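One structure below.
This is a predicted model, so every value here is computed, not measured. Below, chains carry the letters A, B, ... as their sequence lines are ordered, and counting in each starts from 1.
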There are 4 protein chains.
Amino acid sequence: MPRTERQFKDIRELKRSQIMDSALHLFAQKGFDSTSINMIAKRAGISKGLIYNYFESKEDLITILIHNGFDKFFTEFDPNNDGVLTDLEFEHFIDKTFEVLKSNLHFWKLYFMVMAQPQVLKLVEKKLMELIIPLLTILSEYYTSKGIENPMAYARFFGAMIDGVCLNYIVDPENFPVEEIKQIIKNKFI
Amino acid sequence: MPRTERQFKDIRELKRSQIMDSALHLFAQKGFDSTSINMIAKRAGISKGLIYNYFESKEDLITILIHNGFDKFFTEFDPNNDGVLTDLEFEHFIDKTFEVLKSNLHFWKLYFMVMAQPQVLKLVEKKLMELIIPLLTILSEYYTSKGIENPMAYARFFGAMIDGVCLNYIVDPENFPVEEIKQIIKNKFI
Amino acid sequence: MPRTERQFKDIRELKRSQIMDSALHLFAQKGFDSTSINMIAKRAGISKGLIYNYFESKEDLITILIHNGFDKFFTEFDPNNDGVLTDLEFEHFIDKTFEVLKSNLHFWKLYFMVMAQPQVLKLVEKKLMELIIPLLTILSEYYTSKGIENPMAYARFFGAMIDGVCLNYIVDPENFPVEEIKQIIKNKFI
Amino acid sequence: MPRTERQFKDIRELKRSQIMDSALHLFAQKGFDSTSINMIAKRAGISKGLIYNYFESKEDLITILIHNGFDKFFTEFDPNNDGVLTDLEFEHFIDKTFEVLKSNLHFWKLYFMVMAQPQVLKLVEKKLMELIIPLLTILSEYYTSKGIENPMAYARFFGAMIDGVCLNYIVDPENFPVEEIKQIIKNKFI
DNA sequence: TATGAATGAGCCTTCATTCAT
DNA sequence: GATGAATGAAGGCTCATTCAT
């Protein structure tokens, strides 16, 4: 009996996600250029050629990987965007950030790889902006509501700081005192 | 008659620094793997082969570049390390950091490339640790003197935050409100 | 639909042996260093890159070529190794040696190239010893059975003499009186 | 006071022989292609460029090296070539051969490298023939005088055998029983 | 859909040789 | 005579991508 269309779709999606898992892992571990298509295929348990059945190119693959990660990340923060962050929502936002950081180490490695590699950054710059700007806007509004004079600078500063903490955590997750730092942030920024 | 020793030395120093300039620029602009030895040579106005007269390998070249940058950077912060940072010294430290950041954009791009590329990070990890640990120690002592409970976490947080600010500045120097953020940092952390 | 496993195996075996033929020919004709991978590929009618699909490196290629030749050669001399060479077996051994020499000129050129090139010798020294020692042992036993006083020296001498004859034949196969010399050897050594 | 012409000549000859020593040593140890002009210069304690003041090219250098060795070798065997080798002279010839072999290991390594490397052999083939033919002639005459039927085959065989013994000695001088073998040769061939 | 053989551009590196000084 | 900086061709090797099956 031939497979149903549904089954085909399931297989395709399974393969696709196997490839993406493999690629995410390897890119994060070894970097973009040092990871070959062959390695990704091997780790995914498929053949080299098949990857091109699911992705157009290596660049396409990393681009989709990053877009994907962004979407997952920002979806989590979909506050009922009625108006302005409350303090409670803000605290929740911070908690969530650290949660996501710890459970998606690979993706965050990729993210910083991207920020630091002009060649790769170009591929996702646009998307990154699309996502970050609303976030900065929300933060900025939060600070406005707190009566702060230069709310956008505050927002960008907050974002940068989070970046820095994530980066340091990623480079040395064993020793970076991430819990204490979360507390410090809460005390200082809420 | 051969050139005098002095002449040889001058030539070597000039060429070496031309190569390093060229390499720093290109690595920062395009990343490590995407910069070829050939491009470095062309930009330095010399032949490919000559680079190997001055550096053992491409890895050697970037390693030296980074060590160099580290040394330059940390030399600037040689406070009369008699004991503990005063508030004034701390403020000066922050000013200096931003000053150095703005005038060595290329190096700092390189620095974050390094942090984010496992393959390159390995080359300079040891040196990086050697330099960062004393810095963290000084910061930690500063926070101890302020009566803060968890000074090392504070120190690491401060370091991470600076990293994040630098990273954001580097990615988009035109629009990042670096001056305002410096003020925010001073207000919040001194 | 991918090729069957059988088809892949056939392709691989064919190509592999094409490459080895080409390499053997060229190494024997021009020497190891003077033969480029590109030349081997061209002569085999394939692309440079493909060679690395079959051999890890140029050194790997020559190593396998030599091991291969050794194995073929020594397999031919698998006398029913019950005990000691009879005179008849010894004569047969000599005949065989010359037969093999004449029909595998390329391999023997390679063999002497190896003996004379430290850099290549290192690659196959171990294997060479493994094969030669049993041969010398058999010869030594033969001479012992003949009541000769210093049988191992005799064995090594015999081996060396054969080497010399082969070497001279290889350098100038047209003019070297190999048949007459075979007779001389039989008269003198059996 | 400027150097006299004689002094200049002495310096030139000294340098030249330093270069040749260095080259002989390295070629014998590492092979022709694996020895760079730079290594030769370093070992000779001079600069790379100076070598080209004494030799036209790397090929020229090895050619001269080999011609030189040949000349030295064959000069030693200058028997008062009045007519035919006596048995005593033949024994002396054998002794001399082994003596020369043991005291000029480097040269003999070079010699076999040459025999085995077509690319290098071409450079010295002509000279080699010029020297070997008279030697073979003398040997041939010796065997003629002994009433042997096929004296030239005998002569070539003897030459080949000596080659083989030398080759084996060179590859493993520690363990090759060269003295015993000399005796075997004397017993068998005089 | 799936395979892996095949290509070829491009990379890092070496090195004989030249040449200004 | 002497130096070593400089060149550039050539080599080994990798790898994204294509394609016949």
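In this structure, C:K127 fails the cation-pi test against C:F70, since its NZ or CZ atom is not both closer than 6.0 Å to the six-membered ring centre and inside 45 degrees of the ring normal. With a 6.0 Å cutoff to the six-membered ring centre and a 45° limit on the axis angle, C:K58 does not count as a cation-pi contact of C:Y52.
Judged by Watson-Crick or G-U wobble contacts below 3.5 Å, the nucleotide E:dT18 has F:dA5 as its partner. With both pairing distances under 3.5 Å, F:dG12 is matched to E:dC11 as a Watson-Crick or G-U wobble pair.
Counting non-hydrogen atoms under 4.0 angstrom, B:S34 reaches nothing in the nucleic acid. No contact: B:T4 has no heavy atom under 4.0 Å from any strand. Residue C:I51 is classed as having no contact, given no heavy-atom separation below 4.0 Å to the nucleic acid. Among the atoms of the strands shown, base atoms are found under 4.0 Å from some heavy atom of C:L50.
In this entry the distance linking CG of B:L26 with C1' of E:dC11 reads 15 Å, nearest Å. Atoms CD (D:E13) and P (F:dG1) sit 13 Å apart, rounded to a whole Å. Nucleotide E:dG4 holds its C1' atom 15 Å from the CG atom of C:D10, rounded to whole Å. For the pair B:D60 CG and E:dC12 P, the interatomic distance rounds to 14 Å; values are reported in whole Å. As a whole-Å value, the separation of A:Q119 CD from E:dG10 P is 15 Å. Rounded to an integer number of Å, the gap from B:I40 CD1 to E:dG10 P is 18 Å. Rounded to an integer number of Å, the gap from CD of B:E5 to P of F:dA2 is 17 Å. Counting to the nearest Å, the P atom of F:dG4 and the CZ atom of B:F8 are 6 Å from each other.
When the side-chain nitrogen and oxygen atoms of A:Y54 are compared with OP1 and OP2 of E:dT1, none of them lie within a distance under 4.0 Å. Note on D:K48: every side-chain N or O is 4.0 Å or more away from OP1 and OP2 of F:dT3. Between C:Y52 and F:dC13 there is a side-chain N or O to OP1 or OP2 distance below 4.0 Å. Side-chain nitrogen and oxygen atoms of A:N53 include none within less than 4.0 Å of the OP1 or OP2 phosphate oxygen of E:dA2. Considering only side-chain N and O atoms, B:K58 lies under 4.0 angstrom from the phosphate OP1 or OP2 of E:dC12. An OP1 or OP2 oxygen of F:dC15 is reached within less than 4.0 angstrom by no side-chain nitrogen or oxygen of A:N38.
Here E:dA2 is the nucleotide among F:dA6, E:dA2, F:dG12 with the atom lying nearest to any side-chain atom of A:K15. In the set E:dT7, E:dT21, F:dG8, E:dT21 carries the atom at the smallest distance from any side-chain atom of B:R3.
Position along DNA chain F of the nearest nucleotide to A:T35 versus B:I11 favours B:I11 as the more 5'-ward residue. Heavy-atom nearest nucleotides on DNA chain F were determined for A:D33 and for D:G49, and the one closer to the 5' end corresponds to D:G49. The nearest heavy atom of DNA chain E to A:R12 and to D:I37 marks one nucleotide each, and the one closer to the 5' end goes with A:R12.
Residue C:F27 forms a side-chain contact (heavy atoms from CB on, under 4.5 Å) with just one option from C:L110, C:V120, C:I66, C:D33, and that option is C:L110.
Under a cut-off of 6.0 angstrom, the local environment of CD in A:E56 is sparse, with at most 12 non-hydrogen atoms contributed by other residues, nucleotides or ligands.
Of the possible polar contacts, one joining the C:T35 side chain to the C:L26 backbone as a donor-acceptor pair under 3.5 Å is found.
When all heavy atoms are compared, the tightest approach of C:F107 to C:L65 is CE1-O, 4.2 Å.
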